[in-house]
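Since the structure comes first, as structure tokens, the remarks are kept for the end.
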Number of protein chains: 2
Amino acid sequence: MKRPKKQRQQALKDSIKENPFVTDEELSNEFDVSVQTIRLDRMELAIPELRERIKHVAVKTFEDEVKSLPIDEVIGEIIDIELDKKALSIFDVKPEHVFQRNKIARGHHLFAQANSLAVAVMNEELALTVKSELQFLRPVTAGQRVVAKAEVIESHPEKNRAFVKVVSSVEQLTVFIGTFEMYRMTEQSEGDTE
Amino acid sequence: MKRPKKQRQQALKDSIKENPFVTDEELSNEFDVSVQTIRLDRMELAIPELRERIKHVAVKTFEDEVKSLPIDEVIGEIIDIELDKKALSIFDVKPEHVFQRNKIARGHHLFAQANSLAVAVMNEELALTVKSELQFLRPVTAGQRVVAKAEVIESHPEKNRAFVKVVSSVEQLTVFIGTFEMYRMTEQSEGDTE
DNA sequence: CTCATATTAGTACCAAGTGCTAATAGCGGG
DNA sequence: CCCGCTATTAGCACTTGGTACTAATATGAG
């Protein structure tokens, strides 16, 4: 017979993690054991019942929602902003942001934080990035907090352009510098083909 | 007597919106009516029961979570790769990648695709981006497929440096150009799984 | 074979409901 | 004052997805 109580329990854990909305009965079909066995497994693994799992997820989002809504599409949390002048955001580097091998953050996360901030600092919400130059000066690793400071260094409202410089640092040490040429999409002006 | 059926229902709506985790019984205390009245009210207002409300919130977050995860590893699907020479990937722009207002893809996704590809084309997996210059030539919208072509244009193995140029296009039309200066983290390459 | 563990079955019970029927309250109009 | 109407309340059966517990049965290892 299938001896794999351990395997089943591992698979069970994975399965529930992947889809917390699954009932014991569905699981019992999936693993071809009785519902009771699933229940025993859950007890041993200290996995709560469906409703508690769902509630947990819901509570989490509900709490997050308050935080994430105002900033919506921004990577990193905006701490301070002075429209058309400067802005500041922080981004905590977590394991999912880094290369597995050396724990160094992938460049596009730093870029995303800086670019989001550059977009946010513009007085228009519909700002697009036209050009940018980046320097990745020091590697950033998981667990570090990156503070990005954006500054509008040149503004040409008549041409719908502005230049934003973003400097990101970890504990006072500069890790990234980017300059962004931004385009303001006032009204429906399409085709920013440059 | 309190005539306010309408007021109560309005208050009920607000109350549930503010805290979806409240049971009918709690509501019946809050409004000093019977549980049945609360139920009738919910029916009239088409407000689902507690569990369904919670589930709804949970599903919403869960989907968001899955969506926001893929900014993890390689962005875009690598179609063809010739190490140290060139590589090609495609990236389908989906609703979650664009600004809600004008459906234009956020810059960091294009960057992420290009940067990921630049990293991938390097013979080392532990390649870091040092500098880069980007041009966002045309807006890309949801539903479009971005094809990125990376080419190693200069290689200095002795200095552990290489320059990669990435050109991204949608239907033959160039939308993005980026040049990346990459740094090889050679070290002594260990077990190369992944 | 025997013993422990694993699994299954079955029962009672719970929370938070739905769905339904029926009783009652309150009040306004004729 | 009674009629009729809506609003409210009560009560019961049933549902989901469980918990808690007991008991029976497999199954495998020593």
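Every heavy atom of this structure was used, including side-chain atoms; hydrogens, water molecules and symmetry mates were not. Sequence lines set the chain letters: A, B, ... in the order given, protein chains first and strands last, and positions in each chain run from 1.
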How close or far is atom [atom2] of [N] from atom [atom1] of [X], stated in whole angstroms?
{"X": "A:I38", "N": "C:dA6", "atom1": "CD1", "atom2": "P", "answer": "15 Å"}
{"X": "A:E49", "N": "C:dA15", "atom1": "CD", "atom2": "C1'", "answer": "9 Å"}
{"X": "A:M43", "N": "D:dT22", "atom1": "CE", "atom2": "P", "answer": "14 Å"}
{"X": "A:E26", "N": "D:dG17", "atom1": "CD", "atom2": "P", "answer": "8 Å"}
{"X": "B:D41", "N": "D:dT8", "atom1": "CG", "atom2": "P", "answer": "7 Å"}
{"X": "A:D32", "N": "C:dT7", "atom1": "CG", "atom2": "P", "answer": "12 Å"}
{"X": "A:K55", "N": "D:dG18", "atom1": "NZ", "atom2": "P", "answer": "14 Å"}
{"X": "B:L50", "N": "D:dG18", "atom1": "CG", "atom2": "P", "answer": "15 Å"}

| B:I47 vs B:K17, side-chain contact (heavy atoms from CB on, under 4.5 Å): CA-CA, chis, key distance, verdict | CA-CA 10 Å; B:I47 297 172; B:K17 191 163 198 173; over 6 Å; no

| query | Is the phosphate of D:dT9, meaning OP1 or OP2, less than 4.0 Å from a side-chain N or O of B:T37? | reply | yes

| Phosphate OP1/OP2 of C:dT7: any A:R8 side-chain N/O under 4.0 Å | yes

| If we ignore angles and hydrogens, is there a donor and acceptor under 3.5 Å between the side chains of A:E30 and A:S15? | yes

| Flag for A:Q10-A:D14: side-chain donor and acceptor within less than 3.5 Å | yes

From the list [options], which nucleotide is the closest neighbour of the side chain of [X]?
{"X": "A:K5", "options": "C:dA6, D:dG18, D:dT9", "value": "C:dA6"}
{"X": "A:D24", "options": "C:dG17, C:dT7, D:dT19", "value": "D:dT19"}
{"X": "B:L40", "options": "D:dT19, C:dG17, D:dT9", "value": "D:dT9"}

| Looking across every strand, which nucleic acid part, if any, lies under 4.0 Å from A:R42 by heavy atom: base, sugar-phosphate, or nothing? | sugar-phosphate

| said: Once you apply a heavy-atom cut-off of 4.0 Å, does B:R53 come out as touching a base, just sugar-phosphate, or nothing? | reply: nothing

| task | Would you check if A:V98 and A:T141 make a side-chain contact, meaning some heavy-atom pair closer than 4.5 Å? | result | no

| Any A:S155 side-chain heavy atom under 4.5 Å of A:M182 side chain | no

| request: Would you kindly compare B:Q9 and A:T23 by the position of their nearest DNA chain D nucleotide and give the one closer to the 5′ end? | output: B:Q9

Each nucleotide N or O in nucleotides 10-16 of chain D that has a protein N or O under 3.5 Å away: list the pair and distance.
{"from": "D:dT16", "atom 1": "O2", "to": "A:R51", "atom 2": "NH2", "distance (Å)": "2.6"}

| Counting only heavy atoms not in B:R161, do more than 12 fall under 6.0 Å of its CZ? | yes

| request: Please answer: with hydrophobic residues joined when any side-chain heavy atoms are less than 4.5 Å apart, are A:I54 and A:V59 in the same cluster? | output: yes

